[in-house]
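Comments concern the structure below.
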Amino acid sequence: GSGALVSGQVAIIGTANIDGFRFYKVEYSAGQPGQWNVISDLHRQAVNDGVLEVLNSPALPNGDYWLQLTVVDQTGNFPAPCQVPITIQN
């Protein structure tokens, strides 16, 4: 695995705020990026350098994953999603 090793409840820290902010979502994909699954729900509040989402990693099998943050504006447009590799090891 090439990502940060994580276990337990994982707080995902970052910023989700663009002009005309509408919502953001944090998703995960097992193995290579591809099949994205929303971790909890859409978030309607912008976040600046704070907790974006909490991943309950014991609910997932150990292994390599990708996390993806997508921030969407009022018109439905979004900048390129931010993707980060992680390795779950519980």
Side-chain angles (χ1 to χ4, degrees):
S2 57
L5 284 177
V6 301
S7 61
Q9 302 294 319
V10 183
I12 300 164
I13 309 294
T15 295
N17 197 358
I18 58 175
D19 287 343
F21 174 90
R22 186 172 173 199
F23 69 85
Y24 74 85
K25 60 184 176 177
V26 181
E27 299 166 293
Y28 71 90
S29 179
Q32 293 303 306
Q35 187 66 46
W36 295 104
N37 306 279
V38 176
I39 291 176
S40 64
D41 209 344
L42 302 182
H43 297 273
R44 309 278 177 192
Q45 291 291 117
V47 174
N48 289 296
D49 197 20
V51 177
L52 296 169
E53 187 64 83
V54 177
L55 174 66
N56 179 27
S57 76
L60 298 170
N62 287 343
D64 294 335
Y65 291 82
W66 284 82
L67 297 177
Q68 173 171 274
L69 167 65
T70 305
V71 186
V72 181
D73 70 16
Q74 301 290 348
T75 64
N77 291 316
F78 53 90
C82 175
Q83 296 180 345
V84 179
I86 61 169
T87 299
I88 293 176
Q89 194 171 63
N90 284 299

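Just so you know, these numbers use all the heavy atoms, side chains as well, and skip hydrogens, waters and symmetry mates. Everything numeric here is computed off the predicted structure, so don't read it as measured data.
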Just do the side chain to side chain contact (heavy atoms under 4.5 Å, CB included) check on Ile86 and Val10 with the steps written out, would you? CA-CA 11 Å; Ile86 61 169; Val10 183; over 6 Å; no
Mind running side chain to side chain contact (heavy atoms under 4.5 Å, CB included) on Leu60 and Tyr28 for me, showing each step along the way? CA-CA 10 Å; Leu60 298 170; Tyr28 71 90; 3.5 Å; yes
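Taking all atoms of both residues into account, the shortest heavy-atom contact from Leu69 to Ala16 is CD1-CB, 4.3 Å. The shortest non-hydrogen separation linking Arg44 to Phe23 is NH1-CD2, 3.7 Å. Across all non-hydrogen atoms, the minimal contact from Gly63 to Tyr65 is O-CD1, 3.3 Å. Taking every heavy atom of both residues into account, Thr87 and Asp64 meet most closely at OG1-OD1, 2.8 Å.
Put simply, the side chain of Tyr24 reaches to within 4.5 Å of the side chain of Val47, judged on heavy atoms. Counting heavy atoms from C-beta on, the side chains of Pro58 and Asn56 come closer than 4.5 Å. A 4.5 Å side-chain heavy-atom check between Pro33 and Gln68 finds every atom pair outside the cut-off. Proximity of Leu52 to His43: side-chain heavy atoms (C-beta onward) are nowhere separated by under 4.5 Å.
No more than 12 heavy-atom neighbours from other residues, nucleotides or ligands sit within 6.0 angstrom of CD on Gln45. Heavy-atom contacts from other residues, nucleotides or ligands closer than 6.0 Å to CD of Gln74 number more than 12.
Note that CG of Leu5 and CG of Asn62 are 10.0 Å apart. Values are rounded to the nearest 0.5 Å. Atom-to-atom distance recorded for Trp36:CH2 and Leu67:CG is 7.5 Å, nearest 0.5 angstrom.
Checking Asn17 against Thr15 by side-chain atom types alone, no donor-acceptor pair falls below 3.5 Å.
The main-chain N or O of Trp66 is never found under 3.5 Å from a side-chain atom of Ser29 such that the two would form a donor-acceptor pair. In this structure, the side chain of Glu27 does not engage the main chain of Ile39 through any donor-acceptor pair within 3.5 Å.
Hydrophobic clustering (ILVMFWY, side-chain heavy atoms < 4.5 Å, transitive): Leu42 and Phe78 are in one cluster.
Residues passing the side-chain hydrogen bond (donor to acceptor under 3.5 Å, both in side chains) test with Ser57 are Asn90, sequence neighbours excluded.
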